[in-house]
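See structure below.
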Amino acid sequence: MKIEDMILPKIRNIPPSGIRKYFDLINEMDDVISLGVGEPDYTTPWNVCEAGIYSLEKGHTHYSSNAGILRLREEISYHMKNNYNLRYDPKSQILVTVGGSEGIDLALRSLVGPGDEVIIPEPSFVAYQGCTKITGATPVSIRLRAEDEFKLTPELLENALSPRTKILIIPYPNNPTGAIMTKDELSGLVQILKDKDILVISDEIYAELTYEGKHVSIATFEEMKDKTIVINGFSKAYAMTGWRLGYACGHPAIIQAMVKIHQYAIMCAPTTAQYAAIEALRNGAASVDEMVREYNRRRRVLVNGFRKLGLNCFEPLGAFYIFPCIQSTGLSSDDFCEQLLISQKVLMVPGTAFGECGEGFVRACYASSMEQITEALKRIGRFIQ
Amino acid sequence: MDEILSILEKNCRYTEEQLAVMTGKSPQEVNESIRNYEKENVIVGYTALVNWEKTEIENVTAFIEIKVTPQRGEGFDKVAERIYKFPQVKACYLMSGSFDLCVIIEGKSMKEVALFVAEKLAPLESVQSTATHFVLKKYKDKGTIFDDKLEDGREAIFI
Ligand SMILES: Cc1ncc(COP(=O)(O)O)c(C=O)c1O
């Protein structure tokens, strides 16, 4: 028996991450400035950490209910209503997950399988492709365009639909482009989707990190409410990536199905993290505001810096990414990133890591200190000359 | 407006151009606001936050609680002025509670600080009593943790 042959082909055929080599390179270098990671540089606000510690001191070291501590689900319900005007019943419409990642996985596993198509606008978070393939369903990529500022347009959506389309992923605010979708822009999509038997997974993990104006969820359209699973979590807004906590909200039947997989695969999300998250929702808004204000400054500095260096980029209004175009350098995304790392010790991620249509672009994350961002810009400037 | 203040309060070394980019304003607007703040004494100075413990230079800090008799017509302000004009006094606050003025003194040695209190503060006519508390270790000052190394603890993982 060859052990390798025992691995399911659909898993075997998932390609390994194309940017592994960068991390191998970094490990041998000093003084690298990384604009390559996708998580906050901040540590979790102390009141939130302290609530986690206190829960341990109180002996809350057990499993929680499968769907999550009810008090946390109530806080999530309140948060969704208050911030996004979305009403979800804490008992039947909210599931606390191990990061937004698990929410995406559960939703896909509950809803699609071989023969179904999942529409994935790209460039976007790599997990959509991976999780879709694991279910046996077929990912259908939409190539978003720089001239649309990487927004999903009704025309692009229409072209991707087929009778087998079962799910559309709406990934805004977007990783890696920083694009957002306004209410008007979403309404164009709603016109197409409202009469179709297509569900939406709306990945709103960066919702709180929206600059200039508030995030709007597609689920706020009455026609879409029942058809949308909203994914959010604590990783990005509250700088809690390591706690592994997120949530999914949606129609009771879908949430119930997701709870079934969750209870067998995971049992429940980490209890300590859930207690910390209650504090985050109750008393974390000021910390989030402060981080958002600082991200916004860094965003402006980095966009301005790239433009001054002659790298085109549209104004990204969400998440903490900028997606400049590097075609003017004559290099491919991959060559640009590799040469930049080797010669100037600045790490960015090639756009192609997020889908083929990311060629010609690179992702820079501005969740780094202002000093690092300023220094990175100097080095990138030297590289381009 | 306030955004410029909150940025400068944390780091006053940014240039006007940098501040302009960060806040989405023009350099002229930033320059004007800063000049106004300075003129109106909203910004009263620019200083570096020094951890003297890391230097060779001896430096002690003490908190002095002072009880005073307020003066007719002038309240506490006159006494406070007598006190805060000494350059050794780094901060001076009027307090609620069981004492009236809280004064922060810096000096080269405990002896120097104690002498200053004994010779300059305690004998003042309206000072009823003083209590001196020496700082043994500074963990955090002006919102900055002194021993916090700014290390990036993030692992190179791909997301
Ligand atoms: C678009 C997007 N969705 C979801 C996630 C998952 O985050 P988590 O599982 O930490 O909640 C990430 C993380 O990078 C992301 O970028």
Side-chain angles (χ1 to χ4, degrees), chain A residues 16-20 22-27 32-34 36-43 46 99-101 125-127 175-176 205 211-212 235-236 239 241-242 290 293-294 296-305 307-308 315 347 349 353-354 363 365 367-374 377, chain B residues 1-38 42-43 46-51 54 137-159:
Chain A
S17 162
I19 64 163
R20 197 60 257 164
Y22 293 98
F23 297 128
D24 295 341
L25 276 172
I26 281 192
N27 286 336
V32 173
I33 297 183
S34 176
V37 285
E39 62 173 323
D41 56 323
Y42 293 104
T43 49
W46 182 247
S101 305
F125 185 42
V126 280
N175 169 13
I205 194 94
Y211 314 98
E212 299 176 15
S235 288
K236 314 292 176 172
T241 44
E290 201 179 312
R293 272 199 297 272
E294 178 62 20
N296 196 12
R297 291 171 201 143
R298 298 170 181 181
R299 181 182 73 87
R300 289 185 173 127
V301 169
L302 202 51
V303 169
N304 184 271
R307 286 181 181 163
K308 275 199 171 150
E315 181 94 23
L347 176 67
V349 181
F354 307 94
R363 184 189 79 174
C365 171
S368 281
S369 70
M370 198 67 89
E371 289 67 34
Q372 287 201 314
I373 288 172
T374 317
L377 279 169
Chain B
M1 288 265 276
D2 290 335
E3 177 158 32
I4 293 176
L5 286 180
S6 62
I7 297 173
L8 285 177
E9 196 190 15
K10 289 206 194 83
N11 183 347
C12 59
R13 298 193 67 199
Y14 290 125
T15 62
E16 283 170 6
E17 284 75 36
Q18 286 175 310
L19 289 168
V21 174
M22 279 183 217
T23 56
K25 296 189 168 72
S26 71
Q28 292 87 303
E29 281 175 287
V30 171
N31 175 282
E32 234 165 74
S33 326
I34 293 180
R35 272 195 316 184
N36 274 335
Y37 285 136
E38 289 171 350
V42 175
I43 294 178
Y46 301 89
T47 63
L49 191 55
V50 179
N51 183 359
K54 290 261 163 104
K137 183 170 181 181
K138 277 187 196 168
Y139 295 102
K140 186 176 182 180
D141 205 352
K142 302 238 165 63
T144 305
I145 298 172
F146 277 21
D147 259 352
D148 223 16
K149 300 247 167 24
L150 267 179
E151 252 175 50
D152 196 339
R154 293 176 291 175
E155 302 206 2
I157 63 144
F158 175 48
I159 38 168

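In the text below, chain A, chain B and the rest are named by the order of the sequence lines, each starting its count at 1.
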Which distance, rounded to the nearest 0.5 Å, do you find between the CZ of A:Arg293 and the CD1 of B:Ile7?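 The CZ atom of A:Arg293 sits 10.0 Å away from the CD1 atom of B:Ile7.
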
Using a heavy-atom cutoff of under 4.5 Å, enumerate the residues of residues 137-144 of chain B that contact chain A, numbered in order, or state 'none'.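 Checking residues 137-144 of chain B against chain A gives no residue, so none.
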
Considering non-hydrogen atoms only, spot the tightest contact between A:Val301 and B:Met22 and give its length.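 Closest heavy-atom pair between A:Val301 and B:Met22: CG2-CG, 3.5 Å.
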
If you compare all heavy atoms of A:Ser368 against all heavy atoms of B:Arg154, which two are closest, and at what distance to 0.1 Å?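 Scanning both residues, the minimum pair turns out to be OG-NH2, 3.4 Å.
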
Residue [X] versus chain B: region with a heavy atom under 4.5 Å:
| X | result |
| --- | --- |
| A:Pro176 | neither |
| A:Thr43 | neither |
| A:Glu290 | side chain |

Check whether more than 12 heavy atoms from other residues, nucleotides or ligands sit under 6.0 Å from atom CD of A:Glu315, and answer yes or no.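 Buried by this count: over 12 neighbours within 6.0 Å.
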
Sequence-distant partners of A:Glu294, salt bridge (charged side-chain N to carboxylate O under 4.0 Å, His left out), two or more places apart: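 Here the qualifying residues are A:Arg297, A:Arg298.
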
What residue in A:Asn304, A:Asn296, A:Val303 has the most heavy-atom pairs under 4.5 Å with chain B?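 Option with the greatest count: A:Asn304.
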
Run the side chain to side chain contact (heavy atoms under 4.5 Å, CB included) test on A:Lys308 and B:Val21 for me, step by step, so that the C-alpha distance in whole Å, both residues' side-chain angles and the decisive distance to 0.1 Å come before the verdict. CA-CA 12 Å; A:Lys308 275 199 171 150; B:Val21 174; 5.6 Å; no

